[in-house]
J.: 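Supplied in structure tokens, the structure appears directly below.
In listed order, ligands and their atoms are each counted from 1.
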Amino acid sequence: MTPTTVLTIAGSDSGGGAGIQADLKVFGALGAYGTSVLTAVTAQNTRGVDAVLALPPRTVTEQLEAVLADFAVRAVKTGVLGTPAVADAIAEVAKAGRLPHLVVDPVLVATSGHALGVVAAVERLLPYAEVATPNCAEAAALTGAPVTTVEEMVAAAETLAAAGPAHVVVTGGDVDADGESVDVLAGGGRTTLLRGPRVATRNNHGTGCSFSAAVAVRLALGDPVPLAVDTAKEYVARALTGGRDWKLGAGAGPLDHFGWSPERPVPSARPA
Ligand SMILES: Nc1ncnc2c1ncn2[C@@H]1O[C@H](COP(=O)(O)OP(=O)(O)O)[C@@H](O)[C@H]1O
Ligand SMILES: Cc1ncc(COP(=O)(O)OP(=O)(O)O)c(N)n1
């Protein structure tokens, strides 16, 4: 069977836990074929980011055109954008309707504190997003209001959904809501709280990238947005729990993207 093709436009994480590397693992784990357009190269490991090199807009456009010319891309996610000029180049392609089911993960700052993007670049793409997936810090930067509680997540998701993207999920990885991990989905005039058990693990580097990549796969496979988001949340929770108790690197380790236990199989991938 020919798998459904999904595209990630993002930065490289040399440690393999986030960015392009995480996205391609998620695509594979969920049964899709992954293509990639690199926007930036980071020198990074589980302890943090040492350097970031943004690629020129022309190099990004050339990769994008090469992929779109040859593959039937069914959904696209973006991560690190590099520069506003790169974001403009991607936005042009999105505006022409060539980036289906666009999921925008507005990556601004790594958990380790290193800057990975700027609001001005993210704002160029948000109007074309079917789903935007800011975490609390990113939602705060985009709205200018604090986002540290579930109530503030609701307000931020509704504010952002009214300003561009069709749907917004504010992810709550940094908010401990009475032992739960709560995400807030707003869009189409509705706001929903997605609840799940909070997993206690040090292997949590790349949760946001993995979540948005999983949303893109499920949209590509035909899920409506609420189901795609719900399935992505469950996938990340299970990758956090992992099938293997591993220790990779001295800092925040990567998720176990393929660590499914046999009695809890991967949500089945449907053909395109
Ligand atoms: N400890 C955790 N337990 C369960 N789910 C989590 C945990 N940390 C993050 N998540 C989930 O991972 C996804 C990405 O969220 P988040 O960590 O906020 O993104 P980011 O990596 O961009 O900060 C969300 O669905 C969130 O609920
Ligand atoms: C190259 C690259 N892209 C994105 C990120 C941020 O990833 P995220 O999933 O938000 O993970 P954490 O930073 O929360 O671990 C990154 N670090 N590198």
Side-chain angles (χ1 to χ4, degrees), residues 8-26 36-55 77-82 103-117 122 131-142 147-148 150 153 156-157 169-177 179-185 193-215 228-242 249 251-255 257:
T8 170
I9 305 174
S12 164
D13 170 3
S14 51
I20 288 275
Q21 289 83 353
D23 294 344
L24 292 176
K25 287 180 222 180
V26 172
S36 56
V37 167
L38 225 65
T39 56
V41 179
T42 72
Q44 183 174 177
N45 57 28
T46 63
R47 291 179 298 201
V49 181
D50 294 330
V52 182
L53 173 71
L55 296 178
K77 74 144 278 188
T78 64
V80 166
L81 296 172
V103 179
V104 174
D105 183 6
V107 180
L108 295 175
V109 182
T111 302
S112 55
H114 200 292
L116 291 172
V122 169
V131 185
T133 64
N135 63 20
C136 290
E138 291 154 355
L142 291 167
V147 183
T148 56
V150 173
M153 291 168 69
V169 189
V170 176
T171 61
D174 290 334
V175 176
D176 186 348
E180 284 189 319
S181 146
V182 177
D183 299 343
V184 177
L185 169 65
L193 266 52
L194 308 164
R195 297 179 181 279
R198 191 167 180 77
V199 181
T201 175
R202 60 184 288 286
N203 294 324
N204 65 355
H205 172 48
T207 46
C209 300
S210 302
F211 176 75
S212 53
V215 172
V229 167
D230 212 37
T231 307
K233 183 170 174 58
E234 189 193 336
Y235 169 73
V236 171
R238 288 163 63 178
L240 279 166
T241 310
L255 313 192
H257 290 105

J.: Ligand 1 and Glu138, any nitrogen or oxygen pair closer than 3.5 angstrom?
T.: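 Checking ligand 1 against Glu138, no N or O pair falls under 3.5 Å apart.
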J.: Just heavy atoms, cut-off under 4.0 Å: does Leu116 contact ligand 2 by side chain, backbone, both, or neither?
T.: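 Under 4.0 Å from ligand 2, Leu116 contributes side-chain atoms alone.
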J.: Please list, in number order, the atoms of ligand 2 under 4.0 Å from a heavy atom of Ala18.
T.: 5 (C), 7 (O), 16 (C), 17 (N), 18 (N)
J.: Are any of the N or O atoms of Phe211 closer than 3.5 Å to those of ligand 1?
T.: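 It does not: no N or O of Phe211 is found under 3.5 Å from an N or O of ligand 1.
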J.: Among all protein non-hydrogen atoms, which one is nearest to atom 17 (N) of ligand 2, and what is the separation to 0.1 Å?
T.: Gln44 OE1, 2.8 Å
J.: At a 4.0 Å cut-off, with the gap strictly under it, does some heavy atom of Gly206 reach an atom of ligand 2?
T.: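 Per 4.0 Å heavy-atom rule, Gly206 contacts ligand 2.
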J.: Taking the side chain as everything from C-beta on, heavy atoms only, tell me whether Met153 gets closer than 4.5 Å to Cys136.
T.: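 Result yes, sub-4.5 Å side-chain heavy-atom pair found.
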J.: Under 3.5 Å, is there a donor on one side chain and an acceptor on the other for Ser210 and His257?
T.: yes
J.: Record the part of Thr111 in heavy-atom contact with ligand 2 below 4.0 Å; permitted values are side chain, backbone, both and neither.
T.: both
J.: Taking only heavy atoms of Gly11 into account, list the atoms of ligand 2 that are under 4.0 Å away from them.
T.: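 What qualifies from ligand 2 is 1 (C).
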J.: Could you tell me whether some N/O pair between His205 and ligand 2 is separated by less than 3.5 angstrom?
T.: yes
J.: Give me the nearest non-hydrogen protein atom to atom 8 (N) of ligand 1 as residue plus atom name, then the distance to 0.1 Å.
T.: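 Answer, as residue, atom name and distance: Gly173 CA, 3.7 Å.
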J.: Atom 3 (N) of ligand 1: which protein heavy atom is closest, and how many Å away?
T.: Val199 N, 2.8 Å
J.: For ligand 2, is any non-hydrogen atom under 4.0 Å from Ser12's backbone (N, CA, C, O), its side chain (CB onward), both, or neither?
T.: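 Near ligand 2, Ser12 shows its backbone, while the atoms from C-beta on stay back.
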J.: Counting both backbone and side chain atoms, is some N or O of Asp105 under 3.5 Å from an N or O of ligand 1?
T.: no
J.: Identify, for atom 22 (O) of ligand 1, the protein heavy atom at the shortest distance, and state residue, atom and that distance.
T.: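 For atom 22 (O) of ligand 1, the nearest protein heavy atom is Asn135 ND2, 3.2 Å.
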J.: What protein heavy atom lies closest to atom 17 (O) of ligand 1? Include the residue and the distance to one decimal.
T.: Thr207 OG1, 2.8 Å
J.: Among all protein heavy atoms in this structure, tell me which lies nearest to atom 6 (C) of ligand 1, with the distance rounded to 0.1 Å.
T.: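 Heavy-atom neighbour on the protein nearest atom 6 (C) of ligand 1: Leu240 CD1, 3.4 Å.
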J.: Ligand 2 versus Cys209, non-hydrogen atoms closer than 4.0 Å: side chain, backbone, both, neither?
T.: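 The answer is both.
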J.: For ligand 2, which atoms, with element, lie under 4.0 Å from some heavy atom of Gly19?
T.: 1 (C), 2 (C), 3 (N)
J.: For Arg47, look at atom CZ and say whether over 12 heavy atoms of other residues, nucleotides or ligands are found less than 6.0 Å away.
T.: no
J.: Checking a contact table here: which protein heavy atom is nearest atom 16 (P) of ligand 1, and how many Å away?
T.: Thr171 OG1, 3.5 Å
J.: Could you tell me the residue and atom name of the protein heavy atom closest to atom 12 (O) of ligand 1, and the distance to it rounded to 0.1 Å?
T.: Val236 CG1, 3.4 Å
J.: Relative to the heavy atoms of Lys233, which atoms of ligand 1 are at a distance of less than 4.0 Å?
T.: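 Those qualifying, in numeric order: 25 (O), 27 (O).
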J.: Please report which non-hydrogen protein atom sits nearest to atom 26 (C) of ligand 1, along with the residue it belongs to and the distance in Å to one decimal place.
T.: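 For this ligand atom, the closest protein heavy atom is Asp183 OD1, 3.5 Å.
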